[in-house]
Amino acid sequence: AHLGLLGLNATIFHVLDSKYSIETELRQILNDYDVLILSGGVSAGKYDLIPQALEELGLTKVFHKVRQRPGKPFFFGSNDTKRAFAFPGNPVSGLVCLLKYFVPWYRASLGLKHDSSLRVKLEENTHFKAPLTNFAQATLHQTDDGQLLARVVRGNGSGDMVSPTQVDGFIELPYGRDNYLAGEFYDFYPFQNIDIQSIK
């Protein structure tokens, strides 16, 4: 759905969780497409076979795992002509990685301004204790003097498909702190193109 907002026509494939199916189908997909966005199979479980399969099919691992929550298992691989964005299977994790990594890459590849985030002010103090960058779900509203305020909304984990429908995007709370204070500015990744004038 989000790729549609970007004007992209994406073909959807479903690949079974077996080494043979993954390698066979991804080989054909890589022959036909330049960019792959995969969901699932990138963590450390029995059926998380995607990173190994992509490398065996000729893509070089650029990185695997990012110090963030949600979306830590993200894998990115490439060769001279192909790019593979392999996101975790939980929907909130995948959405974070799409907005944070794929959308800026796509815009930059078209020669457009690649920063797709907004700068917003945190409305209330919030706490996050982990050695990770936290992409917290948040709602936006605008003050009378035009400032964008973000209010963190606690979700129910990266498998919760309902809570993102009740917020506007993710606020990026960077690694290295436990407490984030009201009035501080952070990057915000909206779920869709936001008309600033329409935010109340």
Side-chain angles (χ1 to χ4, degrees), residues 1-6 8 10 12 14 17 37-45 47-48 50 65-76 85-106 115-143 147-200:
H2 196 87
L3 295 178
L5 293 175
L6 298 174
L8 289 171
I12 299 174
H14 181 258
D17 287 328
I37 300 175
L38 298 103
S39 175
V42 296
S43 190
Y47 297 104
D48 290 319
I50 294 296
K65 298 184 180 178
V66 182
R67 191 176 288 176
Q68 69 179 53
R69 182 183 293 169
K72 184 178 179 181
F74 173 33
F75 172 97
F76 177 75
F85 296 79
F87 299 152
N90 281 328
V92 180
S93 299
L95 186 55
V96 166
C97 290
L98 184 83
L99 297 175
K100 172 66 178 179
Y101 302 104
F102 175 79
V103 172
W105 172 84
Y106 172 66
D115 185 3
S116 56
S117 63
L118 302 170
R119 290 293 284 178
V120 301
K121 183 184 287 189
L122 190 62
E123 184 174 20
E124 301 172 335
N125 294 344
T126 191
H127 178 78
F128 176 72
K129 186 174 178 60
L132 303 166
T133 295
N134 181 25
F135 288 87
Q137 298 179 53
T139 58
L140 286 184
H141 69 273
Q142 194 170 29
T143 64
Q147 295 186 73
L148 287 177
L149 298 181
R151 177 180 298 157
V152 170
V153 177
R154 303 294 178 184
N156 295 309
S158 58
D160 179 8
M161 298 180 67
V162 176
S163 60
T165 67
Q166 300 166 350
V167 298
D168 297 307
F170 298 105
I171 187 169
E172 181 175 354
L173 304 175
Y175 163 67
R177 298 173 59 183
D178 294 341
N179 295 297
Y180 304 86
L181 305 180
E184 295 177 334
F185 284 89
Y186 296 102
D187 289 337
F188 185 87
Y189 296 86
F191 291 158
Q192 56 187 321
N193 295 327
I194 288 181
D195 178 3
I196 301 299
Q197 302 301 319
S198 67
I199 298 174
K200 302 300 183 183

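We count residues from 1, following the sequence as given.
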Inset, instruction - Give the minimum heavy-atom separation between L122 and L181, together with the two atoms involved. - result: CD2-O, 3.7 Å
Inset, instruction - Any chance you could measure L95, atom CG, to M161, atom CE, to the nearest 0.5 Å? - result: 10.5 Å
Legend entry - side-chain contact (heavy atoms from CB on, under 4.5 Å) assessment of Q137 paired with Q166: CA-CA 9 Å; Q137 298 179 53; Q166 300 166 350; over 6 Å; no
Inset, instruction - Examine distances only and state if a side-chain atom of N125 and a backbone atom of A182 form a donor-acceptor pair shorter than 3.5 Å. - result: yes
Inset, instruction - Supply the atom-to-atom distance W105 CH2 to L98 CG, rounded to the nearest 0.5 angstrom. - result: 11.5 Å
Inset, instruction - Would you confirm whether D160, through its side chain, and V162, through its main-chain N or O, come within 3.5 Å as a donor-acceptor pair? - result: yes
Legend entry - Residue pair V167, F191: steps toward the side-chain contact (heavy atoms from CB on, under 4.5 Å) verdict: CA-CA 9 Å; V167 298; F191 291 158; 3.6 Å; yes
Inset, instruction - Please examine the side chains of V96 and P70, heavy atoms only from C-beta on, and report whether any two atoms are closer than 4.5 Å. - result: yes
Inset, instruction - Look at atom OH of Y47 and say whether more than 12 heavy atoms of other residues, nucleotides or ligands are closer to it than 6.0 Å. - result: no
Legend entry - Nearest atoms (heavy-atom pairs only) where P88 meets S93: CB-CB, 3.8 Å
Legend entry - Over all atoms of both residues, closest heavy-atom pair of L132 and F128: O-CE2, 3.4 Å
Inset, instruction - Could you tell me whether R119 atom CZ has more than 12 heavy atoms of other residues or ligands within 6.0 Å of it? - result: yes
Inset, instruction - Quickly, which of Y106, Y101, F102, F75 forms a ring-ring contact (aromatic ring centres under 6.0 Å, His included) with F85? Name it, please. - result: F102
Inset, instruction - Considering non-hydrogen atoms only, spot the tightest contact between G40 and I50 and give its length. - result: O-CG1, 3.5 Å
Inset, instruction - Mind checking side-chain contact (heavy atoms from CB on, under 4.5 Å) for A138 and listing every partner two or more places apart, or none if nothing turns up? - result: A150, I171, F188
Legend entry - Any side-chain heavy-atom pair of Y189 and K100 under 4.5 Å: yes
Inset, instruction - Search all heavy atoms of A10 against all heavy atoms of L3 and return the closest pair with its distance. - result: CB-CD1, 3.7 Å
Inset, instruction - Search all heavy atoms of G155 against all heavy atoms of S163 and return the closest pair with its distance. - result: CA-OG, 4.0 Å
Legend entry - From K121 atom NZ to L149 atom CG, the distance as rounded to the nearest 0.5 Å: 6.5 Å
Legend entry - Residues which pass ring-ring contact (aromatic ring centres under 6.0 Å, His included) with Y186, listed by chain and number, not counting sequence neighbours: Y180
Inset, instruction - Compute whether any side-chain donor of one residue and acceptor of the other, for T126 and R151, lie under 3.5 angstrom apart. - result: no
Inset, instruction - Check whether any side-chain heavy atom of L38 lies under 4.5 Å from a side-chain heavy atom of V42, and answer yes or no. - result: no
Inset, instruction - May I ask you to check whether T133 and E172 show a side-chain donor-acceptor distance below 3.5 Å? - result: no
Inset, instruction - Would you indicate whether the side-chain heavy atoms of F87 and I37 approach each other to under 4.5 Å? - result: yes
Inset, instruction - Would you please name every residue forming a side chain to side chain donor-acceptor pair (under 3.5 Å) with K72, sequence neighbours left out? - result: none
Inset, instruction - Working to the nearest 0.5 Å, report the span between CG of L118 and CG of L148. - result: 6.5 Å
Legend entry - H127 side-chain N/O to D178 backbone N/O, donor-acceptor pair under 3.5 Å: yes
Inset, instruction - Would you mind reporting whether T139 and V153 have side-chain heavy atoms less than 4.5 Å apart? - result: yes
